[in-house]
**Q** 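Next up is a structure, given as structure tokens.
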Amino acid sequence: MVMITQKIFNDTETAFKLKSDDELNRALFLFGMINRPTLVKIGTALTKVSLRFRLPVEGLIRKTIFNQFSGGETMKACLPAIEKMYTKKLHSILDYSVEGKEIEEHLDAAMKKKISIIEFAAKRKEIPFAVFKPTGIGRIGIWEKVSSGDALTVEEKEEWGRVRQRVINICEAAYQNDISVLADAEESWMQKAADDLMEEMMRKYNQEKVIVFNTLQCYRWDRMAYLQDLHEKGRREGFKVGAKIVRGAYMEKENERAKKMGYPSPICENKEATDVSYNGVLAYCLSNIDDISTFIGTHNEVSNYLALQILEDKNIAIDDDRVWFSQLYGMSDHISYNLARKGYNSAKLVPFGPVRDVVPYLIRRAEENTSVKGQTGRELSLLMEEKKRRRGETTKANREPRNRETHREKVD
Ligand SMILES: Cc1cc2nc3c(=O)[nH]c(=O)nc-3n(C[C@H](O)[C@H](O)[C@H](O)COP(=O)(O)OP(=O)(O)OC[C@H]3O[C@@H](n4cnc5c(N)ncnc54)[C@H](O)[C@@H]3O)c2cc1C
């Protein structure tokens, strides 16, 4: 066993190569702001109120969190960022991040948008995956009702039929265009219906290779059992499993609801237990690579190093297309760019959409980044590290010609 001892994620030069000094300073300023939980709380409340009363805050949002965490307002607007990242072998996944629509026309429009992204991606080597959120194409209430197992009314049956059809249309488009598609995971009380439907899609489209991926939120203590069961079914029935593995983004909501309604929380009892769950699921997937393709969505350095170690131990090629790494746009560049540079399959999830519509997504990112939950400290220290490194270089560069000049003067 060769140990991965070289800490590749500490290379800030590679991580921030594409950032000018100004951009580096802007990122430092922004992460410095969202490092203050009170400021994030006030900013979040003000943003919500301002947007509700149609106050002109879009410009400010665009210049700050939108530019940091979003690729642009349209697919085309994201292209410069996508192409720039690809010069460093870093791929992109376009995520149309408009949330909370419940009217049928809007849901149909969202499905069409997903299909147009699939067609767009099929023409571009920089974009290897498409993604969709189940509640982006179906009302959360209907997902929840189907998940509960309660009988549906006639109208609900029709509504569910339309939701199913939207999912089928997206997966069929992905299959026809030979692009893999990732279904996001959401609240546990709607997830059973999504898991069942995605299993059906895997059965249909993952016969030869993996087109359809479902997301496993490893902060749920039941996900290893779910994965083993799905794997077993796949083996028995002859389909492959696509597993996008994340820790999970709805922890507070999950715990609060469980407490309020008096059922055991589906979330692991603490962060350590979530880490054990995540790393266990990761190891299981990579140990069964012939049956399971794995999409590793995490900013956690230990989990990323663990994945590299397992690839090494199991003699899996670092660019095996059954293993992908991914981080969110605007976060953890030290992981994404360093993985890409070393030759691993690495992609940024690039959210886009009209500023106003992307705000709920942006607020989640800002909240996730407050110091209490942790990532910002690391982002800030890496950005500062890079700034210091550049200053050192500049000083050195400035010194060199001057020294040469002095030397020439002397010679003359
Ligand atoms: C490419 C990509 C795609 C994603 N897609 C989805 C998705 O479809 N659905 C989704 O829900 N999320 C998704 N996420 C977000 C993800 O679930 C995490 O919220 C986020 O990545 C932070 O986790 P981490 O592994 O990066 O980092 P870490 O900082 O190591 O972990 C933080 C996470 O640990 C868990 N945690 C923290 N404290 C505790 C505690 N006290 N007890 C138990 N668990 C705890 C929470 O899940 C928290 O988000 C995605 C993330 C990425 C990078």
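Just so you know, ligand 1 is whichever comes first in the structure, and atom 1 is the first atom listed for that ligand. Heavy atoms only: backbone and side chains are in, while hydrogens, waters and symmetry mates are out.
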**Q** Heavy-atom distances under 4.0 Å are what count here, so tell me which part of Asn270 touches ligand 1: side chain, backbone, both or neither.
**A**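 The backbone, only.
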
**Q** Would you kindly specify which portion of His299 sits under 4.0 Å from ligand 1, judged on non-hydrogen atoms: side chain, backbone, both or neither?
**A**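 For His299, the contact with ligand 1 is made by both the backbone and the side chain.
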
**Q** Could you list the atoms of ligand 1 found under 4.0 angstrom from a heavy atom of Ala185?
**A**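 Counting from 1, the qualifying ligand atoms are 7 (C), 8 (O), 9 (N), 10 (C), 11 (O).
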
**Q** Would you find more than 12 non-hydrogen atoms of other residues, nucleotides or ligands less than 6.0 Å from Trp189 atom CH2?
**A**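 Buried by this count: over 12 neighbours within 6.0 Å.
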
**Q** After noting the C-alpha distance and the side-chain angles of Ser188 and Glu254, does the key distance pass the side chain to side chain contact (heavy atoms under 4.5 Å, CB included) rule?
**A** CA-CA 7 Å; Ser188 59; Glu254 291 281 356; 2.6 Å; yes

**Q** Which ligand 1 atoms are under 4.0 Å away from a heavy-atom of Ala249?
**A**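 Counting atoms of ligand 1 from 1, those under 4.0 Å from Ala249 are 10 (C), 11 (O), 12 (N), 17 (O), 19 (O).
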
**Q** Which of the atoms in ligand 1, numbered in the order shown and given with their element, are less than 4.0 Å from a heavy-atom of Asp184?
**A** 8 (O)

**Q** Please classify the Thr298 to ligand 1 contact at 4.0 Å (heavy-atom distances, strictly less than): side chain, backbone, both or neither.
**A**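 It is both parts that get close, each with some atom under 4.0 Å.
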
**Q** What part of Lys133, side chain from CB on, backbone N/CA/C/O, both or neither, has a heavy atom under 4.0 Å from ligand 1?
**A**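 Under 4.0 Å from ligand 1, Lys133 contributes no heavy atoms.
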
**Q** May I ask which of Gly248, Ala183, Ser303 has a heavy atom nearer to atom 49 (O) of ligand 1 than the others do?
**A**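 Checking each option, the heavy atom nearest atom 49 (O) of ligand 1 is found in Gly248.
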
**Q** Quick one: which of Met251, Lys271, Lys348 has a heavy atom closest to atom 34 (O) of ligand 1?
**A**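 The residue whose heavy atom sits nearest atom 34 (O) of ligand 1 is Lys271.
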
**Q** For the pair Tyr175 and Tyr205, name the ring-plane relationship: parallel under 30°, tilted 30 to 60°, perpendicular over 60°.
**A**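 It falls in the tilted class, 30° to 60°.
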
**Q** Do other residues, nucleotides or ligands put more than 12 heavy atoms under 6.0 Å from Arg257 CZ?
**A** yes

**Q** What about Tyr96 and Phe352, are their ring centers closer than 6.0 Å?
**A** yes

**Q** Compare every heavy atom of Asp321 with every heavy atom of Trp324, then report the nearest pair and how far apart it is.
**A** NE1-O, 3.4 Å

**Q** Taking the six-membered ring of Tyr226 (Phe, Tyr or Trp), confirm whether the NZ or CZ of Arg223 is under 6.0 Å from its centre and within 45° of its axis.
**A**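 Here Arg223 passes the 6.0 Å and 45° test against Tyr226.
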
**Q** Can you name the residues that form a side-chain hydrogen bond (donor to acceptor under 3.5 Å, both in side chains) with Thr298, not counting sequence neighbours?
**A**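 side-chain hydrogen bond (donor to acceptor under 3.5 Å, both in side chains) list for Thr298, sorted by chain: Arg247.
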
**Q** Do Glu269 and ligand 1 have an N or O pair less than 3.5 Å apart?
**A** no

**Q** Could you check whether Asp184 and Thr215, counting side-chain N and O atoms only, form a donor-acceptor pair closer than 3.5 Å?
**A** no

**Q** Going by the atom numbers of ligand 1, which of them fall below 4.0 Å from some non-hydrogen atom of Cys268?
**A**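 Per the distance check, 42 (N), 43 (C).
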
**Q** If the cut-off is 4.0 Å to any non-hydrogen atom of Gln217, which atoms of ligand 1 fall inside it?
**A** 10 (C), 11 (O)

**Q** For ligand 1, which atoms have a heavy atom of Asn300 less than 4.0 angstrom away?
**A** 26 (O), 30 (O)

**Q** How does Tyr250 reach ligand 1, if at all, at less than 4.0 Å between non-hydrogen atoms: by side chain, backbone, both, or neither?
**A** side chain

**Q** For the ring pair Phe9 and Tyr305, is the centre-to-centre distance below 6.0 Å?
**A**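 When the ring centroids of Phe9 and Tyr305 are compared, they turn out to be within the sub-6.0 Å range.
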
**Q** Under 4.0 Å, heavy atoms only, figure out whether ligand 1 is touched by the backbone of Arg247, its side chain, both or neither.
**A**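 Both of them.
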
**Q** Does Glu186 reach ligand 1, in the sense of a heavy atom lying below 4.0 Å from it?
**A**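 Checking ligand 1 against Glu186, which is what was asked, there is no heavy-atom contact under 4.0 Å.
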
